[in-house]
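These notes are about the structure you will find just below.
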Amino acid sequence: MAKQREISKKEKDDIRTLVKFVEIYCRENHNAEKAPFSFRLFDIGEIEKKEVSLCPDCSRLLTYGLTMRLKCPHDPKPMCKKCDRQCYHGEYQSKIREVMKFSGMYMIKHGRVDMLYHYLR
Ligand SMILES: [Zn+2]
């Protein structure tokens with residue numbers, strides 16, 4: 001049931017946060033060859049204002065995360081860990097947890113608590 005609609009401000013914020021977390025994680029942990037990330041449902045460049053390069057694994061994870069975020073049936077969206085739906089399964093679930101933990105710590109260390117606050121709210 002792919003319905004055509006504009007992406008809301010809240011969704012854009014969430015997308016930006018998700019992209020940021022995966023980007024930091026990949027940059028700091030992966031040396032595999034990276035390619036510019038693109039997403040078929042909307043133009044990442046419009047949201048991020050710059051190119052985001054990711055390794056193939058992280059591209060897959062981010063694509064999954066963005067797809068799930070846009071499919072979220074809740075409005076307003078609850079915090080994912082408090083949600084009964086649990087979009088992330090198996091491999092993706094452990095991976096996204098690792099990404100959130102790593103990039104969350106990274107942001108604290110680099111004074112980007114504003115991003116973190118946004119994610120946790
Ligand atoms: Zn990566």
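Atom set for the values below is all heavy atoms of this structure, side chains included, hydrogens, waters and symmetry mates excluded. Read the numbers this way: they start at 1 and go in the same order the structure lists the ligands and their atoms. Here, residue 1 is the first one in the sequence, and each next residue gets the next number.
Residue-environment remark: NZ (Lys50) exceeds the threshold of 12 foreign heavy atoms within 6.0 Å.
Across all non-hydrogen atoms, the minimal contact from Glu33 to Pro56 is O-CD, 3.5 Å.
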Step-by-step salt bridge (charged side-chain N to carboxylate O under 4.0 Å, His left out) determination, Asp13 to Arg16: CA-CA 5 Å; Asp13 282 353; Arg16 191 179 292 127; 3.4 Å; yes

Before you tell me yes or no, could you show the steps for Lys95 and Glu91 under salt bridge (charged side-chain N to carboxylate O under 4.0 Å, His left out), namely the whole-Å CA-CA distance, both residues' side-chain angles and the distance that decides it to 0.1 Å? CA-CA 6 Å; Lys95 228 175 214 167; Glu91 181 204 355; 3.4 Å; yes

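Taking the six-membered ring for Trp and the full ring otherwise, Tyr64 and Tyr88 have centroids separated by under 6.0 Å.
Side chains of Phe39 and Leu70 form a contact here, defined as non-hydrogen atoms less than 4.5 Å apart.
Listed by chain and number, Cys26 SG, His30 ND1, Cys55 SG, Cys58 SG are the protein N/O/S atoms closer than 2.8 Å to the Zn ion (ligand 1), with waters left out.
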